[in-house]
Amino acid sequence: MNHEKVSFNNRLGIKLVADLYVPKNLDRKKRAPAIIVGHPYGGVKEQTSGLYAQTMAERGFITIAFDASYNGESGGQPHFIASPEAFVEDFSAAVDYLGTNPLVDRNRIGVIGVCGSGGFGLAAAEIDPRIKAVATVSMYDIGQASRQGLAESLDKAGLRKNLEKIAAQRWAEVDGGQRAMVIGTPEVITEHSSAIDREFFDYYRTPRGHHPRSTTAMSLTSGAAMSLFWSFEHLDWISPRPVLFITGDQAHSRIFSEHAFKKASEPKELYIVPGAGHVDLYDRVKLIPWDKLTSFFNNHLA
């Protein structure tokens with residue numbers, strides 16, 4: 001494929017930097033379908049989303065992988081802020097950009113959201129009917145994770161305590177204190193580290209997936225805004241456009257895909273990958289169901 005570094009602004013005026021991939025054998029006499037790929041929460045386009053974008057371009061789609069607002073090479077200051085409004089808007093801004101490309105059929109644009117971008121991509125599709133098909137991979141609902149982690153129900157007392165901590169930090173920063181950060185992936189692993197920490201460490205902190213612009217850190221004060229983000233409450237708004245949920249049978253995040261599948265309206269499909277954990281579907285190319293993704297978008301962006 002041909003690769004090009006591009007940039008465009010979202011509705012909030014934030015400059016997004018992206019990698020655009022165009023198949024070399026594309027019939028340029030016809031407009032082609034396109035896919036927008038969002039990276040995991042705290043990641044950058046050179047990691048998972050770039051792999052997905054390149055591979056789907058090899059399979060005939062024009063693709064774009066962008067750095068989310070406040071992350072990677074994209075704008076927004078200060079960096080490493082989590083803004084659900086911006087993260088959702090980024091997908092619609094990518095639709096805007098692709099729709100101005102003379103090679104792209106603006107009526108055949110889809111989304112792949114990996115990990116946290118799965119939730120943000122779904123939310124974008126809920127309010128942007130220009131997104132014609134959505135696939136999520138190892139989806140994380142970052143809003144729910146901010147409120148209650150992986151617990152089945154909300155601990156209101158625990159949430160209240162967390163919000164009080166965030167409020168105290170805001171006062172500290174207003175008074176000139178240093179900005180506090182929450183590191184998504186630990187810098188070191190000990191004998192007491194959880195299996196989930198080890199899984200993320202093996203990707204983000206080793207040559208396997210490490211990138212210097214991907215710190216996985218977000219400001220502590222971002223947690224308040226993220227706790228208000230509910231990406232599954234209006235999934236029925238996407239119908240009759242299709243949704244494909246892909247998750248590993250061993251993924252700790254599987255509950256998010258199953259929860260979303262129950263809430264979504266038809267047409268929908270839950271596809272479970274045997275032998276796959278959460279991070280396996282970031283880059284284990286022999287586990288990622290490329291044929292499933294290709295057939296899904298071939299069928300629904302036809």
Side-chain angles (χ1 to χ4, degrees), residues 10-12 14 38-43 68-72 74-91 113 115-124 126-127 136 138-187 192-197 199-200 204 214-235 252-260 262-263 278:
N10 68 14
R11 181 179 58 83
L12 305 174
I14 297 172
H39 57 67
Y41 190 68
S69 293
Y70 305 105
N71 288 265
S74 289
Q77 293 298 326
H79 245 36
F80 309 121
I81 285 176
S83 167
E85 181 183 10
F87 291 171
V88 172
E89 161 60 23
D90 291 345
F91 282 94
C115 189
S117 281
F120 302 128
L122 287 173
E126 290 169 4
I127 57 174
T136 69
S138 288
M139 180 176 57
Y140 241 82
D141 179 353
I142 301 297
Q144 180 175 323
S146 298
R147 290 185 295 274
Q148 63 200 59
L150 296 173
E152 289 290 336
S153 59
L154 176 64
D155 176 1
K156 289 186 178 180
L159 175 61
R160 190 176 299 111
K161 183 178 181 180
N162 188 46
L163 292 176
E164 288 172 352
K165 177 182 177 182
I166 292 170
Q169 179 59 32
R170 288 192 69 125
W171 279 129
E173 292 179 20
V174 165
D175 293 336
Q178 186 175 0
R179 186 165 68 135
M181 307 300 292
V182 177
I183 305 298
T185 302
E187 297 286 350
H192 303 295
S193 298
S194 69
I196 295 175
D197 280 346
E199 185 179 9
F200 283 114
Y204 286 106
S214 175
T215 67
T216 76
M218 293 290 180
S219 65
L220 173 64
T221 56
S222 294
M226 286 308 311
S227 69
L228 277 178
F229 179 61
W230 301 77
S231 57
F232 297 164
E233 293 308 297
H234 302 294
L235 284 176
H252 67 270
S253 59
R254 178 174 169 174
I255 59 170
F256 295 122
S257 293
E258 292 175 337
H259 182 199
K262 290 178 182 178
K263 289 212 163 199
H278 176 85

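Here the structure is a predicted model, which is why all the values come from computation and not from measurement. Sequence positions, counted from 1, serve as the residue numbers for this chain.
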Check: [Y] main-chain N/O paired with [X] side-chain donor or acceptor under 3.5 Å:
{"X": "His39", "Y": "Ser117", "value": "no"}
{"X": "Thr185", "Y": "Thr216", "value": "no"}
{"X": "Asn71", "Y": "Ser69", "value": "yes"}
{"X": "Ser214", "Y": "Gly72", "value": "no"}
{"X": "Asp141", "Y": "Phe256", "value": "no"}

Notebook entry, point to check: So do the side chains of Gln148 and Asp155 get within less than 4.5 Å of each other, counting heavy atoms only?
Noted result: no

Item checked: Residue pair Arg254 / His278, side-chain heavy-atom distance below 4.5 Å ->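 They are not in contact (no side-chain heavy atoms under 4.5 Å apart), so the answer is no.
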
Check: Which class fits the ring pair Tyr41 and Phe120: parallel under 30°, tilted 30 to 60°, perpendicular over 60°?
Finding: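 Tilted, since the angle between the ring planes falls between 30° and 60°.
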
Margin query: For residues 77-86, which residue pairs pass the salt bridge (charged side-chain N to carboxylate O under 4.0 Å, His left out) check, not counting sequence neighbours?
Written below: Arg11-Glu85

Checklist line | Neighbour count >12 (heavy atoms, 6.0 Å) for atom CD, Gln178 | finding: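 Count not over threshold, so no.
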
Item checked: Residue list, salt bridge (Lys or Arg N to Asp or Glu O under 4.0 Å) with Lys165, at least two apart or on another chain -> none

Check: By salt bridge (Lys or Arg N to Asp or Glu O under 4.0 Å), which residues pair with Arg147, not counting sequence neighbours?
Finding: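 Not a single residue meets the salt bridge (Lys or Arg N to Asp or Glu O under 4.0 Å) criterion with Arg147.
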
Checklist line | Nearest heavy-atom neighbours spanning Pro84 and Ala225 | finding: CG-O, 3.8 Å

